[in-house]
Chemist: 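Sharing a structure below in structure tokens format, with a few things to ask.
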Amino acid sequence: MLIATWNINGIKARIDSLCAWLEAASPDIACLQEIKSVDETFPRGPIEALGYHVETHGQKGFNGVALLSKVAPASVMRGLPGDESDEQSRYIEGLWEIGGRRLRVASIYLPNGNPLGTEKFPYKLGWMERLIAHAGWRLAEEDDLVLAGDYNVIPMPVDVARPQAWLGDALFQPESRSAFRRLVNLGLTDALRATTDAEKTYTFWDYQAGAWQKNDGIRIDHLLVSPEVQDRLVSVGIEKHVRGWEKPSDHVPVMIQLAA
DNA sequence: ATGGCTAAGGCACTTAGA
């Protein structure tokens, strides 16, 4: 079983690339972020034509998440619990019943939090607290659990090409990294770091200043898995070649393979 | 101090991203 996450930075600008990648990589479940589309105008047709079920949680202009899957989910939850006043579309979670197992997969678009000194940074940290609380409840259920998405957190200095350039950025603040660590420490595993300690392993390269050409990247797209899933973890791949395609997203897909 | 590019909304530019 293959489960992937990809911040596609606009579904309408990326629909052809998405379909090409789906055909090539053939994930069983794909989590998308930054679809930048409302549900009504999400281009589901070409995706469904490839045999995928589509669940979206969009909003106008920015944000927005989606779940694509070869098997339809038994149920879907939209929005992260804990704040009824939060209107940003950043969380969608599906439950699949496959081969007698219950598998829950979330597509997460964690707030960026920049610039520091505005309300955006406390919004990010508050959102992370809500995610930690929700993940705790989900872990207690002891189903297979995958929390995948654009976390907008650089976990460690090894996860950034030029750490000094990010010291004043919300993605690399001690508070952001601490909250991410507390989430992992609930009992989750960062799938990539469970399989490699390789350096210069990134998932995002800025459009500007030749960041891609210089491999001046950061690792902010993560798949956090429960113990039940970690036991079946076979491999993790960063689909780096996709960044070299025409009109790329600034993020690339990350995909895990699970046994059986 | 300084975001060099890109997407979306909507038709000139602004907002947002990271």
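Any value given below was found using the heavy atoms of this structure, including those in side chains, with hydrogens, waters and symmetry copies removed. Convention: sequence-line order gives letters A, B, ...; per-chain numbering from 1. Keep in mind that what you see is a predicted model, and the values were worked out from it rather than measured.
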Chemist: On a whole-Å scale, what distance lies between the P atoms belonging to B:dA16 and B:dG10?
Modeler: 14 Å
Chemist: Check for me whether the distance between the ring centres of A:W245 and A:W21 falls short of 6.0 Å.
Modeler: no
Chemist: Which atoms form the tightest heavy-atom contact between A:L116 and A:G168, and what is the distance?
Modeler: CD1-O, 3.2 Å
Chemist: Looking at B:dA18, B:dA7, B:dG4, which one has an atom nearest to any side-chain atom of A:K247?
Modeler: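 My answer, after comparing the listed nucleotides, is B:dA7.
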Chemist: Touch check for A:N9, heavy atoms < 4.0 angstrom, all strands: base, sugar-phosphate only, or nothing?
Modeler: sugar-phosphate
Chemist: Specify the separation, in whole Å, of atom CG of A:N63 and atom C1' of B:dA7.
Modeler: 13 Å
Chemist: Does A:N7 place a side-chain N or O at less than 4.0 Å from the phosphate oxygens OP1/OP2 of B:dA18?
Modeler: yes
Chemist: Which pair of non-hydrogen atoms, one from A:V234 and one from A:L258, has the smallest distance, and what is that distance?
Modeler: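 Here A:V234 and A:L258 meet closest at CG2-C, 4.0 Å.
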Chemist: Compare the minimum distances between each of B:dA16, B:dA18, B:dC5 and the side chain of A:Y207, then state the nucleotide with the smallest one.
Modeler: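 Nucleotide nearest to A:Y207's side chain: B:dC5.
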Chemist: Let me know the distance between CZ of A:F204 and P of B:dT6, rounded to the nearest Å.
Modeler: 12 Å
Chemist: Give the rounded distance in Å between these two atoms: CG of A:N114 and C1' of B:dT15.
Modeler: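 In whole Å, B:dT15 C1' lies 15 Å from A:N114 CG.
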Chemist: Of the listed nucleotides (B:dA7, B:dA8, B:dG17), which one gets closest to any side-chain atom of A:K120?
Modeler: B:dG17
Chemist: With C1' as the reference atom in both, quote the distance from B:dA12 to B:dT2 in angstrom, rounded to an integer.
Modeler: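 Roughly 25 Å separates the two C1' atoms.
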Chemist: Grab the NZ-C1' distance between A:K60 and B:dG10 for me, whole Å please.
Modeler: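 Distance check: A:K60 NZ to B:dG10 C1' gives 9 Å.
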Chemist: Specify the residue among A:K36 and A:P111 whose closest nucleotide of DNA chain B lies further upstream toward the 5′ end.
Modeler: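 The residue whose closest nucleotide sits nearer the 5' end is A:K36.
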Chemist: Over all strands shown, is A:A13 touching base, sugar-phosphate only, or nothing at heavy-atom distances under 4.0 angstrom?
Modeler: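 It contacts sugar-phosphate atoms only.
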Chemist: So what does A:N152 hit on the nucleic acid, given a heavy-atom distance under 4.0 Å: a base, only sugar-phosphate, or nothing?
Modeler: sugar-phosphate
Chemist: Can you identify which nucleotide, out of B:dC5, B:dA18, B:dA8, has its nearest atom closest to the A:I220 side chain?
Modeler: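 That would be B:dA18.
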Chemist: Please give, in whole Å, the distance from B:dA16 C1' to A:D250 CG?
Modeler: 12 Å
Chemist: What is the separation between atom CD1 on A:I218 and atom C1' on B:dG17, rounded to the nearest whole Å?
Modeler: 11 Å
Chemist: Using a 4.0 Å heavy-atom cut-off, does A:Y151 contact any base of the nucleic acid, only the sugar-phosphate backbone, or nothing at all?
Modeler: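 Here A:Y151 touches no strand at all.
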Chemist: Does OP1 or OP2 of B:dT6 have a side-chain N or O of A:R14 closer than 4.0 Å?
Modeler: no
Chemist: Find the distance A:Q208:CD to B:dA18:P and express it as a whole number of Å.
Modeler: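 After rounding, the gap between these two atoms is 12 Å.
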Chemist: Answer with base, sugar-phosphate or nothing: what part of the nucleic acid does A:R90 contact at a heavy-atom distance below 4.0 Å?
Modeler: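 Touches sugar-phosphate only.
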Chemist: If you assign each of A:N112 and A:G61 to its closest nucleotide in DNA chain B, which residue comes earlier from the 5' end?
Modeler: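 Nearest nucleotide further toward 5': that of A:G61.
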Chemist: Is the side chain of A:E129 donor-acceptor paired with the backbone N or O of A:K124 at a distance under 3.5 Å, no angle test?
Modeler: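 Flag not set: sc A:E129 to bb A:K124 has no pair under 3.5 Å.
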Chemist: Are A:H251 and B:dG17 close enough that a side-chain N or O sits under 4.0 Å from OP1 or OP2?
Modeler: no
Chemist: Report the residue from A:R102, A:R138, A:R232 that forms a salt bridge (Lys or Arg N to Asp or Glu O under 4.0 Å) with A:D144.
Modeler: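 When salt bridge (Lys or Arg N to Asp or Glu O under 4.0 Å) is applied between A:D144 and each of A:R102, A:R138, A:R232, only A:R232 qualifies.
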Chemist: Ignoring hydrogens and geometry beyond distance, is a side-chain donor-acceptor pair present between A:Y91 and A:D86 at under 3.5 Å?
Modeler: no
Chemist: Give the rounded distance in Å between these two atoms: CG of A:D169 and C1' of B:dA16.
Modeler: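 Value for this atom pair: 14 Å.
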Chemist: Tell me what A:D221 touches on the nucleic acid: a base, only sugar-phosphate, or nothing, going by heavy atoms under 4.0 Å.
Modeler: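 The answer is nothing, as A:D221 stays clear of every strand by at least 4.0 Å.
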Chemist: Taking the C1' atom of each, how far is B:dC13 from B:dA1, in whole Å?
Modeler: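 Straight-line distance between the two C1' atoms is 24 Å.
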